[in-house]
Amino acid sequence: MIKEIIHTHITECLERLELSFEKEFSVETPNNTEHGDYSTNCAMILAKENKKSPKALADILIKELKKNKDYKKVELAGPGFINFYLSPAFFQRIFWDIRGTGSSFSEQDFGQGEKVLLEFVSANPTGPLNIVNARAAAFGDTLYRVMKRVGYAPTREFYINDAGNQVDILAESLELRLRELQGDNIGEFPYEAYHGEYVKHLAQKLNAAEGVRVFMMTEKDRIEHLKEFALNELLEMQKTSLERFEVVFEGWVSEKTLRAEGVVEEVLSYLTEADCTFEKEDAIWFASSKYGDDKDRVLMKSDGSITYFVPDLAYHLTKIQRGFTTLIDVFGPDHHGYVPRIKAAFKAMGYDDSMLEIIFLQQVNLFESGERVKMSKRAGKIVTMDDLINEVGKDAARYFFIARKANAHLNFDLELALKQNNENPVYYCQYAHARICSIIKKARKDKVWPKSFKKELVQKLNKTEELAIIQKLADLPELLTLIAVHREPHRLATYLEDLSAMIHRYYAKYQIVSPKSKELSQARLMLLESTKTVMAIVFDLMGISAPEKM
RNA sequence: GCCCCUGUAGCUCAGGGGAUAGAGCAGCGGUUUCCUAAACCGUUGGUCGGAAGUUCGAUUCUUCCCAGGGGCGCCA
C-alpha cells in the first residue's frame, strides 16, 4: 500500500511538471537501508523519452517531490535512483489506517470476482493419500485462501478417478485378499495388484460384514460390489485425512458420474467434428500432434474402452461450461507429459488454452536422522499423509509444504519438523504470536490495557524497530496480490518469519509493559495487538493454528 | 534420445535486470533480580554450477554445456 501511495505521488509530480511517463517504472524497497525506505528507478527509465539525462531528470523531480511533507528526505543516488526516507508521521498514519480495518486488513477486490477453479490432490481412490498429495493439499488450499482474500471467486475441486483400469485392479486385489481370508490358496500375489496393508484391512472389514455371501453373487455383480465397497471406503479414508489437514473441497467430481452423464460421448463428438480424430489399429486416436503435442494419443482403445484422457477432458469442459475463466490444475511431478495433450484438445475444440494453467509440484523426499526414507509403492511401503500428520502434526506439515516453492524438490526433515526450538520455523513463528498474547495478558493484569486506544498514541511509535514493523504490516496487501497472481504461496512463510523475527527482537530490546510510562506502554501494546491480528491472518491463510500460549 | 524441474554459505533454503547477494541451522563467543531463554546479541563463512550472448548494467533474461532428480503406456 505504501509503494502504491508513492507511485501515485510520483505520477502526480510528473504530470505537474508536464513530463512524459510512457514507460513503466517501479517503486521498490531497497535491500540496503542506507538507500532509504523506498526507491524508484523512474528517472533512469524515463530519461530517454524526456530527452534528459537520468540525473537531470531526477533533480527536477526531486524538487517537486520534496514539497510533500511525508518524506523526511528525498535524494538522488547511484546512477539515477531516487531514494525516499519517510517521516515517522507517515508510518504512524498508515498504522492507524491498518488498525481501522481490523481483521479484514488486506482483504481486497483485486481479483474482481473472477471465477477460478482450483483442482488439486485428485488422487486415485485406490489407496491412502501420500506425501505428495499432502503437499498438493497444503499448496492448493493456501493458494485458494489467498486468492479468495484478494477478491477472486475460487472453487476447490477434487476429481475422483473412480472408473477405469486402476479401479478394476483394486477390486481384483480386494477379491484376492478376501479369498485369502477365507482360506483359499491364492498363490503369489500378482505384481500389478495393490500390495498395501490397507487392502487386507478392507478385506477383513468386508469379511466380517458379509463373509462368504460375497462369493454367492455372480462374478459380474461381485466385481461391481467389491469396487463399490472399496471405493467408498477409500474415498472416506481420503476425506478423513484431508479433514484432519483442514482442507475442504467445494466439489468432488466423480469420473463415473461424468461418464454416466454422457459427457464422454460429447467430447468424442466435439473432437470428431473438429476433424482431428482417426482410426488406426482398431483404436481411435486424437491427432494431438497437429496442435503441439509430440505424438498422437489414443482416445478409445482397441478393446472399446476409453483412456483416462477422455473423461478428464470432459471434466475440464464442464469447468468452462460452469463459467470458470481460469482453470488451475495442481499436478504431481509425473504428469508433465500430459500437458501438451490436454492443451492440444483445448485448441482443437476452439478454446483458448491459456485459460488452463498447470502448476507442477515436485517430489517430496523424507529424511530421518539424515537418511532418506525409502518408499516403494509397489510393495505397499509408503509413508502416508496420515502417518505424516501423526508424526509431526498438521501445523508443521502444512508449514513445511507451503514454505517451499512449488517447482522445487522438497526435502522434508522429519526431525526438524518435530523440534520445539528455534531450529524449527513453525515454532519460531507461533511463539512470536503466543508471546504477544502473553504480553497482552500481562498488560490486562497490570491494568495498563485501555478500554480503547487513542489515536494520539501513534505518535509514541517512533523507534526504528517500531516503524519497521509498521512497514512490514503495510506490506501484506501487496504481498497477497503477488502471491495470488504468481501462484506462489511460499512467500507467506518468508513474510511470517521476517515479522516473527522483528517481534522477537523488539521484545528483547524494549520493555513493552512498563510501569514508568503508561502511554508509551499503550502505544506499544497497540502495535503488538495489530501485529497479532496480522499474524493470525497469515496463519489462517496457511491453515496453521495461532496459539495463545505455548 | 526427447521433455520437465533443480543447481546461491558446511546444511536447509529465500531473493532477483540495477547500487555492498540474504535468512535459519550448524561452528565460535556472549545475554535471564524484568512481559515465556520455544528468545536475543556478536562473529566466522559465497568466483550465485560452467561458458558465451543481449544490456549502460546479468547472480536474475537467452543459448549451449556439466551435474542431480523426475517423466516419456491402447496406466492414471
Side-chain angles (χ1 to χ4, degrees), chain A residues 26 28 30-32 34-35 39 41 44 47 54 77-81 83 122-124 126 159 161 163-167 169 192 255 280-285 294-295 297-309 311-312 331-340 360-363 365 367 370 400 403-413 416 419-432 434-443 445-446 448 490-491 493-495 497-498 500-501 503-515 521 524-525 528 549-550:
Chain A
S26 65
E28 276 157 26
N31 40 25
N32 188 333
E34 282 168 30
H35 296 140
S39 79
N41 59 0
M44 291 183 286
F81 290 102
N83 295 340
S122 293
N124 284 339
T126 52
Y159 177 59
N161 298 134
N165 202 15
Q166 298 300 320
V167 179
I169 296 172
E192 285 297 326
E255 178 185 349
K280 194 177 90 181
E281 293 161 3
D282 296 330
I284 298 175
W285 296 68
D294 52 1
K295 51 185 154 185
R297 308 289 174 174
V298 170
L299 297 169
M300 189 179 282
K301 305 179 214 170
S302 48
D303 67 2
S305 66
I306 52 173
T307 60
Y308 168 81
F309 178 49
D312 188 46
F331 280 3
D334 51 339
H335 278 65
H336 82 260
Y338 186 68
V339 179
F360 288 98
L361 292 175
Q362 294 301 317
Q363 69 184 82
N365 298 318
F367 282 83
F400 280 89
R404 202 78 175 80
K405 271 189 292 202
N407 57 7
H409 299 223
L410 190 151
N411 288 336
F412 197 115
D413 185 334
L416 176 61
K419 279 190 182 159
Q420 303 207 352
N421 61 21
N422 55 6
E423 286 177 52
N424 186 340
V426 188
Y427 286 91
Y428 184 81
C429 296
Q430 287 184 321
Y431 183 42
R435 202 163 223 180
I436 294 175
C437 294
S438 130
I439 295 167
I440 291 173
K441 211 157 124 195
K442 154 100 174 156
K445 206 179 99 200
D446 292 0
V448 177
H490 73 274
R491 288 172 170 230
T494 316
Y495 178 81
E497 285 174 39
D498 287 350
S500 300
I503 289 304
H504 285 309
R505 256 181 262 138
Y506 183 53
Y507 169 90
K509 188 163 174 183
Y510 299 100
Q511 191 176 0
I512 311 300
V513 181
S514 157
S521 299
R524 290 174 169 175
L525 285 164
L528 287 187
K549 206 166 72 178
M550 285 171 77

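Letters A, B, ... are given to chains in the order of the sequence lines, protein chains preceding strands, and every chain is numbered from 1. If you're wondering where the values come from, they're calculated on a predicted model, not measured in any experiment.
- Spacing between B/rA14 and B/rA23 at atom P, rounded to whole Å, works out to 16 Å.
- In this structure, A/Ala443 reaches neither bases nor backbone, as no heavy-atom distance under 4.0 Å exists between it and the strands shown.
- Toward the 5' end of RNA chain B, the nearer of the two residues A/Asn83 and A/Ala163, judged by each one's closest nucleotide, is A/Asn83.
- The gap from the C1' atom of B/rC65 to that of B/rC72 amounts to 23 Å, rounded to the nearest Å.
- As rounded to the nearest Å, B/rC64 and B/rC2 have P atoms that lie 11 Å from one another.
- When distances are taken from the side chain of A/Gln363 to each of B/rA37, B/rA76, B/rG70, the shortest belongs to B/rG70.
- A pairwise comparison of heavy atoms in A/Pro311 and A/Glu255 identifies CG-OE2, 3.3 Å as the closest pair.
- As judged by a 4.0 angstrom heavy-atom cut-off over every strand, A/His504 is placed among residues touching the sugar-phosphate backbone only.
- Of the candidate nucleotides B/rC35, B/rA76, B/rC40, B/rA76 has the atom lying nearest to any side-chain atom of A/Thr307.
- Considering only the side chain of A/Tyr431, B/rA37 comes nearest among B/rA76, B/rA37, B/rC74.
- For the OP1/OP2 pair of B/rC35 and a distance below 4.0 Å, the side-chain nitrogens and oxygens of A/Arg524 include no atom meeting the criterion.
- If you check every strand for non-hydrogen atoms under 4.0 Å, A/Ser39 touches a base.
- For A/Lys295, taking side-chain heavy atoms from C-beta onward, the closest of the listed nucleotides B/rA76, B/rG73, B/rA19 is B/rG73.
- You cannot call A/Tyr428 stacked on the base of B/rG24; the centres under 5.5 Å and planes under 30° rule is not satisfied.
- B/rC61 and B/rG16 are spaced 11 Å apart, taking the C1' atom of each and rounding to whole Å.
- In terms of the ring-ring contact (aromatic ring centres under 6.0 Å, His included) criterion, A/Phe367 has no residue partners (sequence neighbours excluded).
- Residue A/Gln430 is classed as having no contact, given no heavy-atom separation below 4.0 Å to the nucleic acid.
- Going from the C1' atom of B/rC5 to that of B/rG73 covers 22 Å, rounded to whole Å.
- Contact annotation for A/Ala493: no contact, since no heavy-atom pair falls under 4.0 Å across all strands.
- Within the nucleic acid shown, A/Lys301 comes within 4.0 Å of at least one base atom, counting heavy atoms only.
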The dot-bracket string of RNA chain B, counting Watson-Crick and G-U wobble pairs with both distances under 3.5 Å, using [ ] for crossing pairs and | for pairs to another strand, is (((((((..((((........)))).(((((.......))))).....(((((.......))))))))))))....
Using a cut-off of 4.0 Å between protein heavy atoms and nucleotide atoms, how would you tag nucleotides 4-14 of chain B 5' to 3' with B, S and -? SBS-----SSS
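- Checking side-chain atoms of A/Asn41 against main-chain N and O of A/Ser26 turns up a donor-acceptor pair under 3.5 Å.
- At a threshold of 4.0 angstrom between heavy atoms, the contacts of A/Tyr495 with the nucleic acid are absent.
- When ring centroids are compared, A/Tyr338 and A/Tyr308 come within the 6.0 Å threshold.
- Residue A/Phe309 is out of contact with every strand shown, counting any heavy-atom pair closer than 4.0 Å.
- Between B/rG15 and B/rA9, the two C1' atoms lie 15 Å apart (nearest whole Å).
- As judged by a 4.0 angstrom heavy-atom cut-off over every strand, A/Glu497 is placed among residues making no nucleic acid contact.
- In terms of position on RNA chain B, the residue among A/Pro30 and A/His335 whose nearest nucleotide sits closer to the 5' end is A/Pro30.
- Nucleotides B/rU44 and B/rG50 are separated by 24 Å at their P atoms, to the nearest Å.
- Side-chain atoms of A/Ser302 come within donor-acceptor range of the base of B/rC74, with a qualifying N/O pair under 3.5 Å.
- Looking only at distances, no side-chain donor or acceptor of A/Asp446 sits under 3.5 Å from a matching main-chain atom of A/Val448.
- Atom name P, nucleotides B/rC34 and B/rU47: the rounded distance is 46 Å, in whole Å.
- Nearest nucleotide to the side chain of A/Arg505, out of B/rC41, B/rC34, B/rC74: B/rC41.
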